Amino acid sequence: MGGQKEQLGRLGLESDNDGNLIFITRANISEEQQLSIHVGIGDTEFDDLVGFVEMDGVLPTGKLWGGKRKIGEENYIFMTDFFYTDLEGYGAGIQDYEIGDAFLDVAYIFSERNISDSNDSYDDFITNASTQSSVISAQNTRLVPENQRAYVNDNQNNPMHTFHVSYTLGALTLQGNYKYLPDNFDLAGKEWAEYGYDATAIYHMLDFFGLKGNAFSYAILQAGEGLGSGNLLGGTITDYAALRPGSLTQGYKVNDDNYGPIFGDPYYLITHREEDAKSVRALLWGGYTMDNGIGFFPSVQAQYNDEGTNDEGDDAGYNYWVSVMMRNIFPVKDNFIVQTEVGYYENVQNGGHWHQSKFTVAPTYVLSDGLSTAEIRFTATYLPLSWTTGEEGNNRIPLKDDIVFGIQADAYW
């Protein structure tokens with residue numbers, strides 16, 4: 001992968017394979033009651049199992065559900081592959097409960113880490129890491145007593161409990177999450193936030209920010225504190241949330257000399273938030289298609305993070321990122337189109353700056369009947385400061401410009 005697709009745009013930057021299959025069985029129990037059983041598999045190796053039961057008619061209105069599922073998958077920017085809410089786990093809830101002209105969702109979600117950067121099992125990662133000299137040295141530095149070290153190591157993957165509520169009235173959706181994670185230790189023995197909350201407001205317009213026509217647009221504002229800040233803003237503990245843009249103190253830090261392969265693991269870092277850490281995220285995105293079929297799909301995204309108070313040393317300060325991208329679609333003939341995509345983002349951490357940009361051209365063949373769609377894309381992407389250059393595991397080797405070619409097949413039905 002040459003760059004951060006959630007900030008630059010996904011076209012020409014997706015080097016991984018992904019897919020999912022969802023099967024739904026419905027049974028009409030009576031005229032007013034219906035049972036739905038949802039089973040899905042996903043991820044590259046189809047090892048991410050989702051399964052839940054949904055009951056319609058057992059409540060005065062709405063649906064009662066229980067099992068493992070994802071909530072709010074529609075809160076997604078398709079050009080960047082960015083889920084600005086990412087709620088997944090085991091739990092139960094009520095969906096689409098009518099209150100006048102509005103709809104209410106409530107849910108409890110249980111989530112925990114599944115994998116690490118170096119292990120398919122997060123528990124195996126912790127077992128191996130706890131015996132490493134760097135971890136033992138970090139515990140020595142913090143003067144963790146010998147009789148407490150086993151307790152610290154045993155509390156590395158406690159589940160996070162999330163209570164979710166969503167209220168939709170017309171074009172406006174308001175969401176809130178309250179989170180609790182007991183004994184949130186890191187491997188050095190430091191205890192991070194046990195509580196947190198976040199709120200999201202989504203406004204959907206059937207025009208492009210006032211411009212009428214074949215168009216749509218969204219304005220989203222999010223804010224959170226503690227376990228509702230950083231990469232957990234708007235989300236639970238998921239593999240995706242560990243890697244998506246959030247706080248610059250989280251994410252993939254394996255190559256950073258200040259972290260290393262253990263302390264820089266993105267899945268390890270996801271819950272490392274101070275109690276008073278705060279984050280705000282704003283997103284504007286949409287699309288406009290002209291009568292001749294030429295389409296423009298821009299997105300502007302930004303997140304600011306106050307890393308809060310560190311009771312054991314220097315505060316981590318502040319960081320923020322801003323990104324701008326746009327995808328353009330140009331019809332050529334019949335099923336052949338040309339897509340272009342440009343993107344730029346700037347990261348700022350305590351005064352230090354880093355940026356990246358890209359430009360992609362993608363001749364594309366499309367076949368669609370409106371319900372089923374397939375695309376075959378041939379991509380060429382120019383990346384100043386490309387992640388494909390440099391040296392893996394060594395941030396001191398400077399990045400260079402690169403041109404990345406690719407072929408991508410995408411289908412849904």
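Quick caveat: nothing in here was measured; it's all calculated off a predicted structure.
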| request: Quick one: do I337 and Q339 satisfy side-chain contact (heavy atoms from CB on, under 4.5 Å)? Show the steps, please. | output: CA-CA 7 Å; I337 64 174; Q339 301 182 77; 3.9 Å; yes
- Starting from the C-alpha separation in whole Å, work towards a yes-or-no answer on side-chain contact (heavy atoms from CB on, under 4.5 Å) for M79 and R10. CA-CA 6 Å; M79 306 94 70; R10 65 190 294 190; 5.7 Å; no
| query | Under the side-chain contact (heavy atoms from CB on, under 4.5 Å) criterion, do N319 and N350 qualify, and how do the steps go? | reply | CA-CA 6 Å; N319 61 81; N350 295 325; over 6 Å; no
Walk me through whether F216 and H204 qualify under ring pair (Phe, Tyr, Trp, His ring centres under 6.0 Å). CA-CA 8 Å; F216 70 93; H204 179 202; 7.1 Å; no
Practice item. For side chain to side chain donor-acceptor pair (under 3.5 Å), just list the numbers for Q356 and Q4, CA-CA rounded to whole Å, side-chain angles, deciding distance to a tenth of an Å, and then say yes or no. Key: CA-CA 9 Å; Q356 192 178 33; Q4 188 79 48; over 6 Å; no
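Counting non-hydrogen atoms of neighbouring residues, nucleotides and ligands closer than 6.0 angstrom, the CZ atom of F110 exceeds 12 such neighbours. By the 6.0 Å contact criterion, CD1 on I376 is open, its count of non-hydrogen atoms from other residues, nucleotides or ligands being 12 or less. Atom CG of D369 sits in a crowded spot, with more than 12 heavy atoms from other residues, nucleotides or ligands closer than 6.0 Å. Within a 6.0 Å sphere centred on CD of E312, heavy atoms belonging to other residues, nucleotides or ligands number more than 12. Heavy-atom neighbours of Y203 OH from other residues, nucleotides or ligands within 6.0 Å: at or below the threshold of 12. The number of heavy atoms from other shown groups lying within 6.0 Å of CE (M55) does not exceed 12. Counting heavy atoms of neighbouring residues, nucleotides and ligands inside a 6.0 Å radius, atom OH of Y365 does not exceed 12 of them. Counting heavy atoms of neighbouring residues, nucleotides and ligands inside a 6.0 Å radius, atom CG of D101 does not exceed 12 of them.
Contact record, I77 with L283: CD1-CD2, 3.8 Å, taken as the closest heavy-atom pair.
The aromatic rings of F82 and W321 sit perpendicular to each other, their planes meeting at more than 60°, with 30° as the lower class boundary. Taking the six-membered ring where tryptophan is involved, the planes of Y304 and Y318 are essentially parallel, since the angle between them stays under 30° and well short of 60°. Ring planes of F330 and F296: perpendicular class, angle over 60° (limits at 30 and 60°). Ring-plane geometry between H161 and Y108 is classed as parallel, the angle between the planes falling under 30 degrees on a 0 to 90 degree scale with a further cut at 60.
Cation-pi contact between K63 and W65: absent, since separation from the ring centre below 6.0 Å together with deviation from the ring axis within 45° is not met.
No donor-acceptor pair under 3.5 Å is formed between the side chain of N119 and the backbone N or O of Y122. For D306 (side chain) and G308 (main-chain N/O), a donor-acceptor pair under 3.5 Å exists by modelled atom type. Under the 3.5 Å distance criterion, the side-chain polar atoms of K179 are matched with a main-chain donor or acceptor of G235.
A side-chain donor from one of Y382 and D401 sits under 3.5 Å from a side-chain acceptor of the other. Judged purely by distance below 3.5 Å, without hydrogens or angles, the side chains of E275 and Y195 never pair a donor atom with an acceptor atom. Donor-acceptor pairing under 3.5 Å is lacking for the side chains of E74 and Y76. Under 3.5 Å, the side chains of D183 and N158 contain no donor-acceptor pair of N or O atoms. Q7 and Q301 share no side-chain donor-acceptor pair at under 3.5 Å. Of the N and O atoms on the side chains of S247 and T249, at least one donor lies less than 3.5 Å from an acceptor on the other residue. A donor and an acceptor atom, one from each side chain of H353 and E346, are located under 3.5 Å apart. A side-chain donor-acceptor contact under 3.5 Å links N28 and Q34. Side-chain N/O atoms of D276 and T309 include a donor and acceptor closer than 3.5 Å.
Side-chain contact between V106 and Y97 is absent, with no heavy-atom pair separated by less than 4.5 Å. By the 4.5 Å heavy-atom criterion applied to side chains, N184 and L227 are counted as neighbours. At a threshold of 4.5 Å between non-hydrogen side-chain atoms, the residues N157 and I126 do not count as touching. By the 4.5 Å heavy-atom criterion applied to side chains, T200 and L221 are not counted as neighbours. Counting heavy atoms from C-beta outward, D239 and N114 have side chains that approach closer than 4.5 Å. Counting only heavy atoms from C-beta outward, the side chains of V338 and T364 never approach each other to under 4.5 Å. Side-chain contact between S36 and T25: absent, with no pair of heavy atoms (C-beta onward) separated by less than 4.5 Å. Considering only heavy atoms from C-beta on, V361 stays 4.5 Å or farther from T379 through its side chain.
Note: Y178 and Y197 fail the aromatic proximity criterion, with ring centroids not under 6.0 Å apart.
Checked options F208, F209, F297, Y218; the residue passing with W285 is Y218 (criterion: ring-ring contact (aromatic ring centres under 6.0 Å, His included)).
A salt bridge links R273 with E307: the closest approach of a Lys/Arg side-chain nitrogen to an acidic carboxylate oxygen falls below 4.0 angstrom. A salt bridge is absent between D123 and R113: the closest approach of a Lys/Arg side-chain nitrogen to an acidic carboxylate oxygen does not fall below 4.0 angstrom. Taking a cutoff of 4.0 Å between a charged side-chain nitrogen and a carboxylate oxygen, R244 and D86 do not qualify as a salt bridge. Salt-bridge formation is detected for the pair K278/E225: a Lys NZ or Arg NE/NH1/NH2 atom is positioned less than 4.0 Å from an Asp or Glu carboxylate oxygen. We find that E88 and R69 are not joined by a salt bridge, their nearest charged nitrogen and carboxylate oxygen being 4.0 Å or further apart. A salt bridge links E274 with K190: the closest approach of a Lys/Arg side-chain nitrogen to an acidic carboxylate oxygen falls below 4.0 angstrom.
Rounding to the nearest 0.5 Å places CD of E6 at 11.5 Å from OG of S299.
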